[in-house]
Amino acid sequence: MTAVMRPSPSACPACAAAPAAEALAEADLPGQLALSLPTIHCAACIANVERALQAVPTVRDARVNLTLKRVTIEADPGVEATDLIPVLERAGYEAHELDAGMLRATATDKAGRDLLMRLAVAGFAAMNVMLLSIAVWSGATGATRDMFHWISAFITLPTIGFAAQPFFMNAWSALRVGKLNMDVPISLAIGLAVVTSLWETWLSGHHAYFDAAIALTFFLLAGRYLDHRTRAIARSAAEELAALEVPRATRLRDGAEEQVPLTDLAVGDILLVRPGGRMPVDGEIIEGTSELDRSLLTGETLPVFAAVGMAVSAGEVNLTGPLQIRASAVGKETSLHQLADLVAIAESGRNRYTSLADSAAKLYAPGVHILSALAFLGWLAYAGDLRVALNIAAAVLIITCPCALGLAVPAVTTAASGRLFKRGLLIKHETALERLAKVDTVVFDKTGTLTEGQPELADARAHDSHVMSIALALAEGSSHPLSRALARAAGDRGIEAAPVTDIREVPGYGTEGLLEGKRIRLGRAAWVGAETAGSHETSAWLALPDGRTHRFGFTDALRPGAEAAVAALQDAGHKVILMSGDTTGAVEAMAARLNIPQWLAEARPEDKAARIAALKDEGAHVLMVGDGLNDTAALAAADVSISPATALDAARVASDIVLLGRDLTPLPDALSTARAATKRIRENFRIATIYNILAVPLAIAGLATPLIAALAMSTSSITVSLNALRLR
């Protein structure tokens, strides 16, 4: 009985710094392999994995990406991932092969670096233009003033052309399809400020808006960069699911083995899946016995006995014995691909969510344009001077430009994300906090979410030490989760293994050996000859030399803080539901243990997604917390979702928030912080509105000089930023 255990990570300070230090090229290059490492969680893990791989002579280089929990390996030609996975397992890390060809290159945060570079250029230029403007404000006149204006123009024009590109491109994209967004008034204000300033400078006018235009660009880029940094670069969960498929399979033809890509497989092919391998297709076992780990697909806690005639699904892990499979579905027809389709559909529904900033833009953008146009027409009719009317229209656009609105959301989300990160929660999606604030129903998965996903021996000290020493000897010969739990319990008591010889593991049944010349066994009840008496508790049985049998009972350990988190959520008025693919008895016992009145057992991925959809149809706002492949569709379908750091890559990508540590206690605080953050965002919108009410009359009256415009914008931006910092 062999299974891969998942070490339980905890949050560490290095996790905060790791994303900035990750410069990983993940292109599909010759000799490059990609492995998923779902259990790594800190800088020490990075060092250990890289050291273990680089010690292999055929490995040229290995680089770990902690955010994606993945290692990219550059190796000699002919080296396979299956040659390196055992190296990592010996180092204590679970590893799965990924198809590098299915993954996009995400080496560096190109968008973030681009924004930061533009922000730096705008800031440097703004400082120089402000220095020149101070000289003009201080009383420079005539040729001196004109010279300073022309120097400002030579600095501003190329700077705006480079730094303001994100706003111009977004505005053009919206206008091309006949829509308005917040970048339309921003671009118009910047462009009109530059044009009128050039006109004034050409005519030797008294006022120019170069400083205001470049200050606008700087503040808005700062907001855009803050917004970008509040979330990780999320890729499609469906793509991650596809990447988890085995890129190659071992096909049997006329008794000979051949390695072929999945695309070459056809229904009816006979495939060999060795212990530790993942099923490449849906099919039926035609030879061999083993056990299958289905926990990531179905949520079942314990491995499932596999024998001839049993159906298997792509993505399941073969644990102990070699199996021959006859393919019944390949490629896009497999259950794993169907699950990916469910995720993609659910993600498209979530993407229709309208953020507070987008809602404000729909009202704000046309209002600003109408106001500026009215100011232009009014002054043109009143003064009959095109130059004056255009200057005032530009002043209205500049002073009403949504700089404060542009900072209102990212300033708050950055502050809230920082607070939650200290509690062990990483916000990935830009609208996650807004959606989290509306949650009234929380749905939990069981295995790996509310529980550790690994068994522990019940009443470990109640078992006789002699019996434990015999069981320990057999348990050490297996990597089955129950054997490992038994070995840990014996080690905690300081028990040494009995002198058992001829130990061997029987795939699908257990481990046996000889003690004083007599056969002893540890494993399934029927195999060791034990009477179970209808017990549904997770158990392993030991057949002793004298013919007696001894039962070891196991429980699934709760995550730290699980009881407190569920109780706190219920006390706050949230409905809590438990949904799991595990057996009815196990789910019912967990629901009773945590006092959760509503639960659903033996739920398939489509069942979970359907239940989430039904709750939303009833008007509920749902938070889903899960960690397995069977949870990805539900995670994507929920209004907002959270996955532990130990979750599979696909589940983490489908979620909006990642729980970095083992403790579930921060979950209730996340909901209260989200509500506070949404309140601050609305306050910032009100601050921006009040600012406009006070500033617009000055602009329309022709009293908004460049100094007033710059000071007004700066004051409103600083105010919303300080209000956001109250969250900390």
List the atom pairs, donor and acceptor, that lie under 3.5 Å between side-chain atoms in residues 116-132 and the rest of the protein, sequence neighbours left out.
| from | atom 1 | to | atom 2 | distance (Å) |
| --- | --- | --- | --- | --- |
| R118 | NE | D114 | OD1 | 3.3 |
| R118 | NE | D114 | OD2 | 2.8 |
| R118 | NH1 | F162 | O | 2.3 |
| R118 | NH2 | D114 | OD1 | 3.2 |
| R118 | NH2 | D114 | OD2 | 3.4 |
| N128 | ND2 | F124 | O | 2.7 |

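- Taking every heavy atom of both residues into account, S655 and S641 meet most closely at CA-OG, 3.1 Å.
- Across every non-hydrogen atom of A213 and T217, the tightest pair is O-OG1, 2.9 Å.
- Heavy atoms only, all atoms of each residue included: I155 and T159 are closest at O-OG1, 2.6 Å.
- The side-chain heavy atoms of T201 and D146, taken from C-beta on, include no pair separated by under 4.5 Å.
- Between the CG atom in D211 and the NE2 atom in H149 there is a gap of 8.0 Å [rounded to 0.5 Å].
- To the nearest 0.5 Å, the span separating CH2 on W150 from OG on S204 amounts to 10.0 Å.
- A heavy-atom distance below 4.5 Å is found between the side chains of V439 and V442.
- Looking only at distances, a side-chain donor or acceptor of S187 sits under 3.5 Å from a matching main-chain atom of F167.
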Could you please spell out the steps behind the side chain to side chain contact (heavy atoms under 4.5 Å, CB included) verdict for L198 and F210? CA-CA 9 Å; L198 282 173; F210 294 119; 4.1 Å; yes
Hey, mind stepping through L425 and L667 against side chain to side chain contact (heavy atoms under 4.5 Å, CB included) and telling me if it holds? CA-CA 8 Å; L425 289 163; L667 294 187; 4.3 Å; yes
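- Using a 3.5 Å distance cut-off with no hydrogens or angles, the side chains of D627 and S643 do not pair a donor with an acceptor.
- Annotation: side chain of Y382 is not in contact with side chain of L377 (no heavy-atom distance under 4.5 Å).
- The only option from D639, D656, T678 that meets the side-chain hydrogen bond (donor to acceptor under 3.5 Å, both in side chains) definition with R435 turns out to be D656.
- Formation of a donor-acceptor pair under 3.5 Å by the S672 side chain with backbone atoms of D669 is found in this model.
- Closest heavy-atom contact between P166 and L221: CG-CD2, 4.4 Å.
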If you apply the rule salt bridge (charged side-chain N to carboxylate O under 4.0 Å, His left out), what do you find for R63 with D61, and how did you get there? CA-CA 7 Å; R63 288 291 178 265; D61 192 24; 3.0 Å; yes
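- Taking both residues in full, the closest heavy atoms of L420 and A670 are given as CD2-CA, 3.7 Å, listed atom of the first, atom of the second, then distance.
- Of all heavy-atom pairs between A634 and I612, the closest is CB-CG1, 4.1 Å.
- Side chain of K616 to main chain of A637: a donor-acceptor pair is present (N/O by atom type, distance under 3.5 Å, no hydrogens or angles).
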Residues L374, I700; criterion side chain to side chain contact (heavy atoms under 4.5 Å, CB included); working and verdict: CA-CA 9 Å; L374 290 175; I700 293 177; over 6 Å; no
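- Of the possible polar contacts, none joining the E74 side chain to the A62 backbone as a donor-acceptor pair under 3.5 Å is found.
- Using a 4.5 Å heavy-atom threshold, the side chains of M624 and I642 count as separate.
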Go through the steps to decide whether L635 and V625 satisfy the test side chain to side chain contact (heavy atoms under 4.5 Å, CB included), and finish with yes or no. CA-CA 7 Å; L635 288 166; V625 188; over 6 Å; no
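- Residue R682 forms a side-chain contact (heavy atoms from CB on, under 4.5 Å) with just one option from R680, K679, R686, and that option is R686.
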